[in-house]
Amino acid sequence: MTSPRYAMAFDLERCTGCHACSVACKVENEVPLGHYRTKVYYQDTGRFPKVHRSFLPVVCMQCADAPCMKACPTGSIQRGEDGIVRIDQGSCDATGACVSACPYGALYVDPGHQVADKCDFCSHRLEAGLEPACVETCPGETIVFGDAADPESKISRFLARHRDELVALKPEKGASPQVLYRGDARALEAKVPEGRNHAPESYEIETWSARAPEQGQGGAEVQR
Amino acid sequence: MKRREFLRVGIGALASLPVGACIQLTPGESTNVPSAPRAKKKRARIDYQTAQRTSGVCLNCSTVCGIVGYVVDGELRKVAGNPLDPNTAGTLCAKGQSSPTIASYADRLIYPLRRVGKRGEGLWKRITWEDALEELAQKIGAARAAGHPERVAVHVGRSRINDVITRFLNAIGSPVLLNHRALCSLNKRAANYATIGDQDWETVDAERTKYLLNFGANFYEAHQGAIHFLRRVVRGRFDNGAKLVTFDVRLSNTAGRSDEWHAPLPGSEGAIALAIGHVILRENLHDAAFLERWCNVSIEELREFYAPYTPEWAAEKSGLEATTLERLAREFAGCKPRCAAFTNRGSQAHYNGFGNDRAVVMLNALVGSLGQEGGYCWISGEVSATKFPPPEPVPPAPKLRTDLEDPPEYPLANHWQKMRVGQIVYAYLQERRAKLEVYLSYTLASPLTWPEGRSRTVDVLKDEELIPFHACSEVVYSETAHYADLLLPDATYTERWGLDGRNSYELQPYVLLRQPMTPPPGEARSFADVLIQVGKRLGPEVAPYFDFADHEAFVRAQCAKVPQGSYASGFDRLKAEGAWVESEKPKAYATFERALKPDELEGSTTDPATGIVRKKNAKGVEEAIGLVVGGVARAGFKTPSRRFEVFSAIVKTAAAKVGVPDDGFPRYVAIPAHEAMTDERLHLVTFKWNVHTQGRTAPQKYLTEIVHSNPLWIHPSAAEPRGIRTGDAVELTTFRPLGQTYQPTGAELGKAVVRAFVTEGIHPRVVALSNSLGNAFGGRIATARNASREEHAGLGEGADDPDLERGIWWDAARGGSGAGFNINAILPIQPTPVTGMQAWYDTVCTLRRV
Ligand code: SF4
Ligand code: SF4
Ligand code: SF4
C-alpha cells in the first residue's frame, strides 16, 4: 500500500477567528502556556466606519525543503513519506537550532520535557483514524485536510477547485511550505515570527491594528 | 478568629486538609500550605485505542453542545464534539475544547467548608457532607416551620438543572427561583413571544438563506446557540452566496467579518428597523399575501403605523445614511422569503430594547420570511416534562408570590416565562422589600457579572441581616463563594448528569444526555445531588418527592419514553450515543399553516367573529388552539389572536398597569439618558469575548491565555482631544439612568481607572470594555498570579500544574497585562420599563486621562 500524502489548506473567508483550533491543539498535545504549535492572528484594517477584521490561523507548514530539518544538529527532524515533518523526541537534544531556523514560528522547546515540539498534524490521531484536533473541531469548516494522493479526498477536491487562488506564506524563504491558504493570508504574514516560537504577547489586542504602531501602540501593556 | 489562632489550628493544602481543620482561601492571603508532591509526568499522547470514550454535554456556555470525552488513567484528557449532535455535527468552539482544563484545574474546591470568622474574611473549616446536608436541612426546615418557605431562595446563573431546582423549591413551597435572564436576553425573548408567541428564540434557517440583517448579535463569538448558528451562517455565506449585514457599535468578530458593518448610535436599532420597514411598504416590497393572511393588523394600518418612520428620520436617530437604509431595505426584501432579520444584546439591552426587537422581528413578517426555508424559523429546544417525565409524585407549584421573584414594576418579566428581574434582587433585599433566611447560589457569577456588582451587591452579600445564611455550590473558589457561609464543592459538567438540548437548526427535536466522564475529585458533588439529598431530610411533606436514589435515577426516569433502539432502554441508548434526534419528524417550517387534525378539533368551538378555535385543555380550562384561515382550522401563532401580532393587547395592558404610555404598537422610544447627553459624555457598552463566558471561564488556562486583560476601546477622534493613547490609564465616571427605571436620578454612580486601547473598530461616541474579566478570585489562572501552592491556597488534589506555578506570562508581576478590570461595579442597575431587562448598553460616562 502506498503511503498517504497529507496536506492541509485554510479557506480563510470561512475562518471565524474562534481559536477552537489552537485550544484543541493545546489540550490535545499538552502545550505549555506561552508556547504554541498553532496560533490564530488578528488584524484590523481600514478607518471607521470601513473597518474589516482578518484572521490567520497558522500551524507548522510541513515544508518540503524544511529549514528546521537542515538546522538540526542531531538529525532528529525527518520528513516522512506521508509529508509530515516530525521530531524524534528520543534523540532531540533541545538546543533549539530548529527553533531559530524556522521561518514560521512553528517550533518551541518544551520547558518541562526539554524536547523540541511542533505540529505534526496530530500524527497520533491520524494513526487512530481521526483527523487532526484542529480540523475536527473547526466550526467554520475552514481547515481542509486529507490525503492529497487520493483524488477523491476533501483536500484533493479543494486543491483542484481553488488551485489558482492558493498562496503559501513567505514563499521567498524558499522552504516550500506545504500548507496553503485561500484568501488574504499574505497580508498578515508579517505577524508570523521567524526564528522564534509565536510570541505570547501577539495575543494582546493592542497588536490587532494594521496601522503603523504609533507611540504607545503595539502592546504597551505587555511591554510595561 | 485571630489569624494567629487560626494558623495554630494546623493548615494543609485543601487536598490534605483533615475534617475540622481550617484554611485561609482569600487570594494572596494564604500561607504555610504544603504543596502536594509533584510527579513529573511523562509526555504521552492520548492513545485513542484504549482511551475510555463517554458522551456528554458541554456547558462552558449556554449553547450546550454535545461532546465526547476521552479518559486516560482516570483523567479527562480530551473533549471533542459529538458528531450525533445535529446542531454541531461534531464541531466545538474554543471554550468547548477547553473543557478538560476545568476538571483538572489544580485550584478546585474539593471538600465542603463552613465559614469561620467574619463573612468575606476567607477563613474556612473543612466539614463532612453529613454536617453540610444537616445544616442545609435545618435552615430550610426552620424557614418552613416559621411559615415562610418563600424566605428560601435559589439563585442560579447558567444552571441547566432547573428541573431539579424547581422540583426542590416546589416541594418546600417557595416560588423564589432567581436567575440571570434579565441580565442576558429578556427583551429578545419577550419580543419573540409578543409577536410570534410560539418561541422565545428564533432558529434562522441560515444555511439556506440569501440575506441576513443582524441587529447587534455577535454570534461569531458569544451568542446563545453560537456555533450552531455560526456554522450555518458560514455555509450560507460561502456555499450559498448569502450576504451578512451587521449593526453594532463595536467591531466584534461578527461585525469585522460581515459583508457590511454599520455602527449606529446605541439604542437606535429600532429606529433603523422601523425605517427599513417603512421603505419596504413604501416601495411595495412586502409580502401582501402573508400579511393579509396572518398579520393581526391590516396593511393599511401597517402603512399608517410606519408612515412617520422615514429613512431620514432614522438617519437622524442612528447617524447612518438614509440612502444606506433604503438600499438595505431593497436588498433584504429582494431576497424574500430567503432572508432574516434578527437581534441580540446590541439591540435589546436598551431602555427601548423590547420595542427595538419587536421592530426587527416585524421585518420578517413584512417580507413573509417567517417559517420559510432560508427565513426566520423557530422550534422548541425545551426538555419538556411531557416528553421527559420526571419521577412521580411531582410537587405542585406554590401559589405564593414575592416582589423578589415577581417585581410588580415589570409585569412582562414573568408573563410568558418566569424570566425574573435578576438585577434588582440585591437592591430589593437592601430596601427590605423581601426577606430571606436561606440563599442558595449556584453557577451565579455574582457580584462579578452583576450591575453594581463589586459595590452594592457585595454590601448585600456581606450583610448577615439581609442574607442570614448563604450556601454556595461552586467548582472553584469564586467571588460568590467568598461571601458564603457554607461551600459545597460542585461537580463540573463533565462529572454530572442531566438532559439538555437547544432549538435545532435542523428544525427537528433532539435531546442530549450529560453524564459523568470521570467521578468528581475529592468529595465534590453535583448541586442536583445535594438538593435531592437535602430534600430527603426535610420530613414527610417534602421527602416523598425525593424518593429516588440520586440525580442519575431522576434522569433515568426522565428517559422512560425515549425509544430504546437497539439498546436495553432509552436511557442506555442515550448513555451510548449521547443524542437522540427525532429525525422522522417533519422540519418545523411554517408551523402556523399546519391544519389541525380531526382529533385535535374534536370538542372544539370556533368563534365566528375572530375565527379562533378553542378547546378545553387537560385541566378543563378553555384555551385557543388554532385559527380558521382560508376556510381551514390551522395551528396559527401562539399569540392571543393566533396571528402574528404587530399590535399587542398584552403589552398595552401591562404598560398601562405600571403607568408607561404604550398603545400596543412597537413605537420607537428615545432613551431618556441619551436625550440628555452633552457632547463631552460618551456611551459606555460592554461585550463578551469568543473565549470567555460571564464569570466562569477565567480559571481555564488556555482560554485565559488568549484573553486575560480588557482595555477600554476608544476611537481616535474621542481619544485625541482627551490626550489619550493606547496603554494610558484613563478614569471613567459613570452615571445613573433617567426615565422609568430603577433610581433614575442621572447622578454620578462611580469611577474606575482602566487602560485605553485606541482603535478604528468602534463608534466615535462609544467606548467599550468587556464585562467578564477582572477576577479577584478563582485561583491562579483567573487572577493572573504565578505561585506555588505554598504561596497561594492550593485547593485541588493531585499533582500541581507547572503552568500555574510559572507559566502565567500575563501575570502583572512579570510585566504582563494582568487579569483585567471588572467594570460592572460602576454600571447602574437599570431595568427596562415594563419588561425588566438590564439596559446594559445605555450607560453614560465621562472619560479623562490620569
Ligand atoms: S514550518 Fe518550521 S517547523 Fe514546520 S517544517 Fe517548516 S521549518 Fe520546520
Ligand atoms: S477553528 Fe477554524 S474558524 Fe476557528 S480560528 Fe481556527 S481555523 Fe478559524
Ligand atoms: S458553543 Fe458553548 S456549549 Fe458549544 S462548545 Fe462552545 S462553550 Fe461548549
Side-chain angles (χ1 to χ4, degrees), chain A residues 11 13-20 22-24 26-30 32-34 44 46-55 89 110-113 115 124-125 127-130 133 136-142 200-201 203-206 208-209 211 214-218 220-224, chain B residues 40 43 45-49 78-81 88 90-94 96-98 100-101 220-221 227 230-231 234-235 238 251 253 256-257 261-263 690-691 701-703 705-707 709 711 715 725-728 755 757-764 802-803 807-810 815-817:
Chain A
D11 191 356
E13 70 179 0
R14 305 184 82 102
C15 180
T16 66
C18 73
H19 299 289
S22 52
V23 174
K26 290 202 96 158
V27 171
E28 181 78 44
N29 299 298
E30 296 187 289
L33 293 177
D44 290 355
R47 297 250 165 187
F48 182 88
K50 297 241 171 294
V51 197
H52 190 71
R53 183 163 295 154
S54 307
F55 307 120
Q89 305 217 328
D110 186 308
H113 300 287
V115 286
H124 63 291
R125 291 178 56 96
E127 275 164 36
L130 299 166
E136 178 188 69
T137 202
C138 175
E141 300 168 285
T142 305
E201 291 78 14
Y203 270 140
E204 305 292 1
I205 184 175
E206 291 84 353
W208 292 4
S209 172
R211 291 167 67 184
E214 296 157 14
Q215 193 200 338
Q217 204 153 2
E221 292 197 27
V222 180
Q223 290 158 10
R224 193 173 51 212
Chain B
K40 195 168 176 210
R43 156 162 253 131
R45 299 289 178 235
I46 302 163
D47 179 352
Y48 283 97
Q49 315 296 349
K78 164 81 187 172
V79 157
T88 66
T91 61
L92 289 182
C93 81
Q97 284 293 342
S98 161
T101 71
Y220 265 54
E221 300 190 71
I227 65 170
L230 162 71
R231 286 182 66 235
V234 170
R235 286 184 168 194
F238 305 114
L251 192 80
N253 282 359
R257 295 302 295 170
W261 170 47
H262 300 285
N690 50 7
V691 295
K701 64 181 183 181
Y702 294 139
L703 299 180
E705 173 172 40
I706 297 172
V707 175
S709 77
H715 189 264
R725 288 168 181 273
T726 290
D728 285 350
R755 280 192 188 277
F757 164 53
V758 181
T759 172
E760 293 287 340
I762 189 147
H763 191 291
D803 273 343
I808 306 171
W809 54 264
W810 60 96
S817 51

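In what follows, chains carry the letters A, B, and so on, assigned in the order in which the sequence lines appear, proteins first and then strands, with residues in each chain numbered from 1. Here the structure is a predicted model, which is why all the values come from computation and not from measurement.
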If we define contacts as heavy-atom pairs under 4.5 Å, which of B:Ile808, B:Asp47, B:Ile706, B:Ile762 has the most with chain A?
B:Ile706
Checking heavy atoms, do the side chain of A:Pro49, its backbone, both or neither come under 4.5 Å from chain B?
backbone
If you tally heavy-atom pairs under 4.5 Å against chain A, which of B:Arg235, B:Lys701, B:Glu221 wins?
B:Arg235
Relative to each other, are the rings of B:Trp809 and A:Tyr203 parallel, tilted or perpendicular (30° and 60° limits)?
parallel
Between A:Ser209 and B:Glu760: side-chain donor-acceptor atoms closer than 3.5 Å:
no
Looking at B:Ile227, B:Val691, B:Leu251, B:Val707, which makes the most heavy-atom pairs under 4.5 Å with chain A?
B:Leu251
With rounding to the nearest 0.5 Å, note down the distance linking CD in B:Gln97 to OG in A:Ser22.
10.0 Å
Chain A contacts, top residue of B:Arg257, B:His715, B:Arg231, B:Lys78 (heavy-atom pairs, under 4.5 Å):
B:Arg257
Short N-O contact, B:Glu705 and A:Lys26, less than 4.0 angstrom
yes
B:Val234, B:Asn690, B:Thr101, B:Asn253: which one forms the most heavy-atom pairs within less than 4.5 Å of chain A?
B:Asn253
Which residues pass the salt bridge (Lys or Arg N to Asp or Glu O under 4.0 Å) test with A:Glu13, not counting sequence neighbours?
A:Arg182
Do the rings of A:Trp208 and B:Phe757 sit parallel, tilted or perpendicular, given the 30° and 60° boundaries?
perpendicular
For A:Glu141, which atoms come within 4.5 Å of any heavy atom of chain B: side chain, backbone, both, or neither?
side chain
Less than 4.5 Å apart, any side-chain heavy atom of B:Gln49 and any of A:Glu127?
no
One should read off an interatomic distance between B:Trp810 CH2 and A:Glu204 CD, to the nearest 0.5 angstrom, of 10.0 Å
On a heavy-atom basis, which atom in A:Cys15 and which in B:Tyr220 lie closest, and how many Å separate them?
O-CE2, 4.3 Å
Nearest 0.5 Å, please: how far is CG in A:Asp44 from OG1 in B:Thr759?
5.5 Å
